[in-house]
Amino acid sequence: MPTHAPEASAAFTALHGTHSSVVLEVRPHEAPLWRYWGPRLPDHCVPLAPLRDGRAIPPSSMEFDQPLTVAPTFGVGWYGQSALLAHRSGRQFAQQFTACRIETLVTGQNMAIHLTDSVAQLRLVLHMALDAHDVLQLRSELFNDGADVLDVQWLAAGTVPLPGDAQAVRSYTGQWAHEFQLQVDALSRSLWQRENRRGRTSHDSFPGAVVTTPGSTQHTGTVYGAHLAWSGNHRQAMEWLHDGQYHWQMGEWLAPGEVRLGAGESLQTPTLFASCATTGLNGLAANFHATVRSRLPWPGGRMRPRPVHLNTWEAVYFDHRTDDIRALAAAAASVGVERFVLDDGWFQGRHSDQTALGDWWPDAAKYPHGLQPLASYVNELGMEFGLWVEPEMVNPDSQLFRTHPDWALQLEGRPLLTMRNQLVLDVARPEVADHLFTQLHTLLSNVSIAYLKWDMNRDLTTAGDALGRPAYRSFVHALYALLDRVRTAHPRLEIESCASGGARLDMGVLAHTHRVWTSDCNDALSRVSIQRGALQFLPPEILGAHIGPAPAHTTGRSQSLNFRAGVALSGHLGIEADVRHMSDEERMALGRWVGLYKQLRNRLHTGQVWLGGDDEGDDGVLWQAHGDANASELLLLVYRTTPTSHRNTPPLRLPMLRPAALYTIERLDPTPPDWTSSPLNDAALAAGAQQVLPPTAHGAWLAAVGLPLPRMNAESALIYRLLLVAP
Ligand code: DGJ
């Protein structure tokens with residue numbers, strides 16, 4: 001009977017970012033113990049002593065002390081969440097790592113932790129790196145070294161510790177047109193867990209969360225965040241431990257039987273991006289933004305200024321008539337649009353959402369000479385041409401399905417469940433992937449398409465492959481491979497990830513695409529919270545944000561152009577309205593907003609974003625500032641979401657400014673908040689439209705007392721520029 005190996009002398013290994021550090025306690029015969037993840041420690045700061053030296057065995061406990069490791073495993077003295085759940089035909093259900101080797105690639109920055117369980121005959125390699133933006137990247141690889149099949153139920157991408165004063169979890173729920181609804185749960189000694197089993201990232205369970213500590217705010221204090229780079233099923237859990245800390249795991253949620261590793265086979269998890277920030281939620285967002293930016297696969301290696309879109313969906317839906325579309329393109333060009341995206345409705349037989357998905361050639365009646373004449377016309381108007389596709393899908397009423405009914409994911413004996421009248425193709429089948437590639441390649445080779453809006457309008461159900469095995473994770477990997485194959489063949493192409501709005505919006509798909517469609521909701525009031533949620537993890541330049549029509553098609557609410565444009569301004573701007581039918585006055589006003597966006601986009605899209613005004617005392621005023629890290633130039637977007645309860649609007653405090661510096665302040669909104677719509681034509685609102693600003697103000701004053709704000713109507717926006725003039 002083997003006994004536990006005696007305590008070998010411990011070594012301490014650290015990773016240091018700019019503002020955060022990781023410390024592990026390493027021994028050759030066990031998985032490294034987590035000693036620290038938190039605010040930056042000095043370079044040579046190591047624990048006082050090995051962890052077990054400092055803690056006696058508590059009453060009614062095992063003689064073997066098993067603290068949290070980087071890969072805790074069930075059944076061998078660990079009672080918390082296991083990083084691995086696996087078995088071999090019901091046996092060998094408990095694993096324990098008995099050998100550990102650390103491979104350091106760049107000292108202090110990254111390592112590969114090689115763990116072996118010689119009894120269960122498996123190896124786990126945990127890759128861990130802490131980048132200069134304080135984002136910790138964790139990824140696990142599991143190897144089956146045994147002769148028998150290893151059934152894997154769960155493999156965490158990573159396990160991280162959270163301090164005992166971790167207080168609340170901010171995660172996101174939602175639904176179609178209502179993504180990123182913040183949910184705050186108090187952490188307690190009960191398990192906190194969220195799972196997504198919809199087969200795509202989902203509207204309702206974003207694969208990430210943020211953990212706050214006492215006193216942390218948008219701008220200050222220690223917070224932790226994590227985000228799984230994966231576009232399928234996922235699970236995350238936080239659990240209290242008996243030594244007073246918490247641990248947090250995230251990984252793919254696997255369907256029963258989904259991963260069965262044969263001899264010599266391995267399983268790779270997606271990467272978990274985790275970060276600790278000491279400057280509150282905004283600091284955490286800045287860390288994630290910097291890391292996402294460093295990984296986006298831009299054609300040519302660099303982001304071009306984000307071109308203004310016009311997307312045809314809400315203007316014409318499926319009703320594509322050549323003259324209308326050309327007129328829409330001309331009207332779009334006249335307001336400064338730079339990329340014209342032809343949405344759903346262009347391909348053979350597509351007159352509603354009931355038919356034709358899968359038949360990816362131009363509808364002969366709508367586009368008798370194909371799409372190139374339209375693309376050329378769009379190009380002549382000075383715009384790029386973009387096209388909507390939904391390659392992974394098929395309508396039962398389509399030529400593709402009639403020819404290949406077996407290509408849809410399905411389960412023998414179960415009904416084919418449709419959603420939006422469509423089924424999902426088994427993209428992991430080589431012949432399906434080849435067919436889709438050929439269809440896309442033909443389009444991209446024959447038409448001057450600069451951009452694909454790649455949609456995905458349903459969840460996965462009955463997702464069995466041809467052999468009846470679960471095909472959820474193979475579907476996601478096949479999607480990523482198809483995206484890469486298309487991009488390799490067409491390296492100048494940009495691709496948007498859309499899934500009924502924001503149901504596939506994550507760092508996994510963003511390794512293969514260039515923008516996300518944040519939500520189908522173009523209602524500016526709804527968009528304020530949706531975009532703020534997304535901004536916690538993703539930078540503004542990749543969040544599609546369109547100026548929609550009034551009333552908004554998804555909510556029925558009407559908002560002024562000032563508010564619709566002011567809210568869309570910060571993201572990747574587009575228009576999703578029928579510009580043809582606007583009055584000349586409205587079109588000119590729209591053109592002024594487009595011009596402002598072009599003037600500001602470099603500042604909006606390259607620096608840090610600060611969000612503020614979420615507290616009740618803020619009286620419905622939310623703000624968003626975009627600036628460089630030195631706060632020498634800031635664009636400030638102020639939104640009043642509800643009517644004021646004050647007689648005089650309190651000034652807006654801006655904590656990110658340099659205290660000793662002097663700033664000039666300028667109002668930039670080209671159309672004033674919609675005070676004219678009030679029959680009262682209130683003098684205070686009128687005055688707000690021509691706000692008198694001080695010539696300069698001190699950063700310290702603006703932080704302590706604040707920027708004077710005019711009275712604003714509910715659902716209106718103000719845009720300011722603050723420019724450091726001295727010192
Ligand atoms: C869902 C998308 O989110 C919309 O923007 C639009 O492209 C429709 N699909 C088209 O079917």
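Counting convention: from 1, in listed order, for ligands and their atoms alike.
In this pair, W313 and Y317 present their aromatic rings perpendicular. The plane angle is above 60°, beyond the 30 to 60° band. In this structure, Y480 and H512 have parallel ring planes: the angle between them is below the 30° cut-off, well short of the 60° mark.
Heavy-atom distances between R420 and ligand 1 reach below 4.0 Å in at least one pair.
Distance alone, capped at 3.5 Å, is enough to place a donor-acceptor pair between the K366 side chain and the G345 backbone.
Polar contact check, K453 against ligand 1: a nitrogen or oxygen pair lies under 3.5 Å apart. Close N/O approach between C498 and ligand 1 is not found [any backbone or side-chain N/O within under 3.5 Å].
Proximity to W517 (heavy-atom distance under 4.0 Å) selects the following atoms of ligand 1: 3 (O), 5 (O). Contact atoms of ligand 1 toward G501: 3 (O) (distance under 4.0 Å to a heavy atom of the residue). Close approach of ligand 1 to N457 (heavy-atom distance below 4.0 Å) involves ligand atoms 1 (C), 9 (N).
D344 OD2, 2.6 Å is the protein heavy atom nearest to atom 11 (O) of ligand 1.
Salt-bridge annotation for E576 and R564: absent, with no side-chain N of the basic residue lying under 4.0 Å from a carboxylate O of the acidic one.
For F180 and F206, the ring centers sit closer than 6.0 Å to each other.
For the salt bridge (Lys or Arg N to Asp or Glu O under 4.0 Å) with D459, the qualifying choice from R420, R197, R504, R200 is R200, the only one to do so.
Across N311, N522, D455, heavy-atom proximity to atom 2 (C) of ligand 1 is greatest for D455. Residue D343 holds the heavy atom nearest to atom 7 (O) of ligand 1 of all those in D520, D343, V389.
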Apply the test side chain to side chain donor-acceptor pair (under 3.5 Å) to residues T462 and R414: give CA-CA distance (whole Å), side-chain angles for both, the deciding distance (0.1 Å), then the verdict. CA-CA 8 Å; T462 60; R414 307 263 174 229; over 6 Å; no
